[in-house]
Amino acid sequence: MTRKRILIVGGVAGGATAAAHARRISEDAEIIIFEKGSHVSFANCGLPYYVGGEIADKEDLLVQTPEGLRSRFNLDVRVMSEVITIDPSNQKIEISDSNSGKRYWEAYDDLVLSTGAVPLKPPIPGIDVEGHFTVRNIPDIEAICAWITNHKFGKAVVVGGGFIGLEMVEQLHRLGLQVTLVEALPQVMAPLDPEMAAWLHQKLRDKNVTLHLNDPVSKFDQPKPEEAAEASIIELKSGQRIPADVVILGLGVRPEIKLGKDAGLEIGDKGGFRVNGLLQTSAPHIWAIGDAIEVRDFVTGDWTLIPLAGPANRQGKIVAENIFGKAMKYPGTCGTSILRLFDVAVASTGTNEKTLKKMNIPYDAVHLHPPSHASYYPGASRLTMKVLFNPQTGKLLGAQMIGKDGVDKRIDVFATALKAGMTAHDLEDLELAYAPPFGSAKDPINLAGMVAEHAIKGEVENCQWHEIAKLDPHKTVILDVRDEDEREEGYIPGSLHIPLPNLRIRFTELPKDQEIITYCQTGQRSYFASRFLVQQGFKVRNLTGAYCTWKVAVG
């Protein structure tokens, strides 16, 4: 095997994985990693938890040190070394050594760009002042911790309700701060559909986090004498002014592509390096991985950006294999992700309803609220699930989940099923581990498949939560089949109440010339009611997700 010279720009998940796997393939290869910072491989997903003290020792964030990579894998690791120029025609790069101030060139046989992404900092007036922080690397969190320690502190404002924003909200709240979250969109967590994000809004408010939705920042202002604030005053588009002792900017990230763009590499419409299935860029012998590249959405086939560690790790391994002559293709990504927000987990995989609708992809959606494990065993709590599927074939398109327990294992099953091209029937038929402390004889995954199958087979026609407000009261009866005590706690306005045990006696009270929309608390009893009424000759739809979904979504 010809001795190769492999240069890797950037470490962390993608670059460090590519280097380590390349070494496992070839002991002869010369492998050099260039990292412009002082840490070559660190757990950037763990950064917020160090701020909040859940990760007590900063050293625990260091996945690998330069010395560890040298001794374990015989890698040449050069930190504080920024690659400033790529010369594709001569297959060499220029490096600036921050310690010595010197510049020099290195030649390559193969170049891997793992340049990652940088936090978004839009040109909002006053954004670049002391007390405003992004969260990307270890120096960032050191600066945040130092500011908290050295300043009078009580009011924290997080701008942006994505992954980093919500994690920082949780951790600042853990420190005992009064936290405000500002989000320009009508909801937090853009990968979720609005009725699912509404559960997070409720959780944030329950924890006394002040929430400003659909109200972007217009400027960061200096405080007036009567406005006590250590950092700045956040003025929103609505005109509201929020004092902040510290500001965390969690506005998302964009691919770090300047180095490659200056070298003439093709950039896609989403702003990342455009790579082929083998993860090759438009220039020979130059590969790109991680947050800096565009990938194919596994469901839609469209280009997308997925700044997650899992895909970056897999891409690093694929690139190493392909450098040494394999032809491994990256199959695209499902975007599987999970986040903890206080005492609940929120997770998703595949495509959401917003995207399917935008791309005119046929779909149907069901919502359900099964217990996390057998309801008779202590500690069970309800899961909130949304499953998207093709209405003809039943093929799974996406899933979203929120709950206190068991969310991680269920979303992993959904992600596996999605990647395997499985259908709702396949979900129903899965044989999953069961014992009362862990699940139910019909696992929530099985139930999701069953509920979807009912719709696919035409056994039930579903009504979605957002359709309720558009119903014509002269042509529709909304039927509440819950018990009396449940109805006393709230109901859909204008609905008729006939508890399910009484329905067989009282169904003649319902008009056959109007459509009946059945609902209960979570969906099971109203499904039973809809099946009964259909067989009595009524036109019926069942409110999927029932009162639980409707109440939170419209709340």
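Excluded from the calculations below are hydrogen atoms, water molecules and symmetry mates; all remaining heavy atoms, backbone and side chain alike, are included. Numbering of residues begins at 1 and proceeds along the displayed sequence.
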Q: Give a yes or no on whether a salt bridge exists between Lys404 and Asp343, defined as a side-chain N under 4.0 angstrom from a carboxylate O.
A: yes

Q: Indicate the ring-plane relationship of Tyr104 and Phe34, choosing parallel, tilted or perpendicular according to the 30° and 60° boundaries.
A: tilted

Q) Looking only at heavy atoms, which two atoms of Pro331 and Lys419 are closest? And how far apart? A) CG-NZ, 3.9 Å

Q | Nearest atoms (heavy-atom pairs only) where Ala399 meets Ile411 | A | O-CD1, 3.9 Å

Q. If we only count heavy atoms from C-beta on, is the Leu75 to Arg70 side-chain gap below 4.5 Å?
A. no

**Q.** Cation-pi check, Lys357 onto Tyr363 ring (under 6.0 Å, within 45° of axis)
**A.** no

**Q.** Carboxylate-amine/guanidinium proximity below 4.0 Å for Arg340 and Glu54
**A.** yes

Q: Answer yes or no: does atom CZ of Arg72 have more than 12 heavy-atom neighbours from other residues, nucleotides or ligands under 6.0 Å?
A: no

Q. After noting the C-alpha distance and the side-chain angles of Leu259 and Val83, does the key distance pass the side-chain contact (heavy atoms from CB on, under 4.5 Å) rule?
A. CA-CA 8 Å; Leu259 180 65; Val83 178; 3.7 Å; yes

Q: Ignoring hydrogens and angles, tell me if any N or O in the side chain of Asp302 forms a donor-acceptor pair with the backbone of Asp297 under 3.5 Å.
A: no

Q | Check: Gln187/His201 side-chain N/O donor and acceptor closer than 3.5 Å | A | no

Q) Any sub-3.5 Å donor-acceptor pair from Arg274's side-chain atoms to Ser282's backbone N or O? A) no

Q: Might you work through the side chain to side chain donor-acceptor pair (under 3.5 Å) test for Gln400 and Asp193, ending with a clear yes or no?
A: CA-CA 8 Å; Gln400 302 165 36; Asp193 287 315; 2.9 Å; yes

Q. Sub-3.5 Å donor-acceptor pair from the side chain of Gln202 to the main-chain atoms of Trp199, do we have one?
A. no

Q. Just by distance, do the side chain of Lys354 and the backbone of Ala190 share a donor-acceptor pair under 3.5 Å?
A. yes

(Q) What's the separation between atom CZ in Arg254 and atom CG in Leu305, rounded to the nearest 0.5 Å? (A) 12.0 Å

Q. Got a donor-acceptor contact below 3.5 angstrom from the Arg23 side chain to the Ala18 backbone?
A. no

Q. Sub-3.5 Å donor-acceptor pair from the side chain of Glu294 to the main-chain atoms of Asp269, do we have one?
A. yes

Q. Which atom pair, heavy atoms only, marks the closest approach of Asp140 to Thr134?
A. CB-O, 3.3 Å

Q.
Whether the side chain of Arg382 engages the backbone of His369 through a donor-acceptor N/O pair (distance < 3.5 Å, no angle test) should be reported.
A. yes

Q) Roughly how far apart are Cys334 SG and Leu418 CG, rounded to 0.5 Å? A) 4.0 Å

Q. Are the side chain of Thr17 and the backbone of Gly316 linked by a donor-acceptor contact shorter than 3.5 Å?
A. no

Q: Show the numbers, then the answer: is there a side-chain contact (heavy atoms from CB on, under 4.5 Å) between Asp97 and Arg103?
A: CA-CA 6 Å; Asp97 186 323; Arg103 294 187 177 189; over 6 Å; no

Q.
Nearest 0.5 Å, please: how far is NZ in Lys386 from CG in Leu368?
A. 12.5 Å

Q: Determine whether more than 12 heavy atoms belonging to other residues, nucleotides or ligands lie under 6.0 Å from atom NZ of Lys155.
A: yes

Q | Ion pair Lys58/Glu142, N-O distance below 4.0 Å | A | yes

Q: Inspect the surroundings of NZ in Lys329 and state if more than 12 heavy atoms from other residues, nucleotides or ligands are less than 6.0 Å away.
A: no

**Q.** For the student: nearest non-hydrogen atoms of Pro186 and Leu213, plus distance
**A.** O-CD1, 3.5 Å

Q.
Do Val552 and Trp465 have side chains that approach each other closer than 4.5 Å (heavy atoms only, starting at C-beta)?
A. no

Q. What distance separates Ile93 CD1 from Thr85 OG1, expressed to the nearest 0.5 Å?
A. 9.5 Å

**Q.** Electrostatic pair Asp76-Arg78, nearest N-O below 4.0 angstrom
**A.** yes

Q: Please examine the side chains of Pro48 and Ile164, heavy atoms only from C-beta on, and report whether any two atoms are closer than 4.5 Å.
A: yes

Q: Could you tell me whether Lys551 atom NZ has more than 12 heavy atoms of other residues or ligands within 6.0 Å of it?
A: no

Q. Regarding Lys270 and the six-membered ring of Trp303, is the cationic atom NZ or CZ under 6.0 Å from the ring centre and inside 45° of its axis?
A. no

Q. OG of Ser337 to CG of Leu308: how many Å apart, nearest 0.5 Å?
A. 6.0 Å

Q | Non-hydrogen side-chain atoms of Thr384 and His367 separated by less than 4.5 Å | A | no

Q) Quick one: are Glu106 and Ile95 in side-chain contact, heavy atoms under 4.5 Å? A) yes

Q) Would a 4.5 Å heavy-atom cut-off, applied to side chains only, mark Thr549 and Thr544 as touching? A) no

Q. Can you check side-chain contact (heavy atoms from CB on, under 4.5 Å) on Val407 and Ile402, steps first, answer last?
A. CA-CA 7 Å; Val407 169; Ile402 298 169; 5.9 Å; no

Q.
I'd like to check Leu341 versus Leu204 (side-chain heavy atoms, cut-off strictly below 4.5 Å). Are they in contact?
A. yes

Q) What's the spacing between Leu383 CG and Ser372 OG if we round to 0.5 Å? A) 5.5 Å

Q. Which pair of non-hydrogen atoms, one from Ile318 and one from Met328, has the smallest distance, and what is that distance?
A. CG2-O, 3.4 Å

Q.
For Glu130, give me all partners under side chain to side chain donor-acceptor pair (under 3.5 Å), at least two apart in sequence or on another chain.
A. none

Q) Would you find a donor on one side and an acceptor on the other, under 3.5 Å apart, between the side chain of Thr355 and the backbone of Glu353? A) no

Q | Side-chain (Glu467) to main-chain (Gln464) donor-acceptor, under 3.5 angstrom | A | yes

(Q) Working note: Glu321 + His21, criterion side chain to side chain donor-acceptor pair (under 3.5 Å); need CA distance, chi angles, decisive distance, verdict. (A) CA-CA 8 Å; Glu321 292 282 349; His21 195 70; 2.8 Å; yes

Q. Ser238 and Asp215: side-chain donor and acceptor closer than 3.5 Å?
A. yes

Q: Start with the C-alpha gap between Leu175 and Ile148, add the side-chain angles, then the distance that decides, and say whether side-chain contact (heavy atoms from CB on, under 4.5 Å) holds.
A: CA-CA 10 Å; Leu175 292 176; Ile148 292 172; 4.1 Å; yes

Q | Stepwise side chain to side chain donor-acceptor pair (under 3.5 Å) test for Trp287 and Asn322 | A | CA-CA 10 Å; Trp287 315 73; Asn322 292 342; over 6 Å; no

Q) Hey, does Leu339 have a side-chain heavy atom less than 4.5 Å from the side chain of Met189? A) yes

Q) Any chance the rings of His132 and Phe220 have centres within less than 6.0 Å? A) yes

Q) Shortest non-hydrogen contact from Pro216 to Ala184? A) CB-CB, 3.6 Å

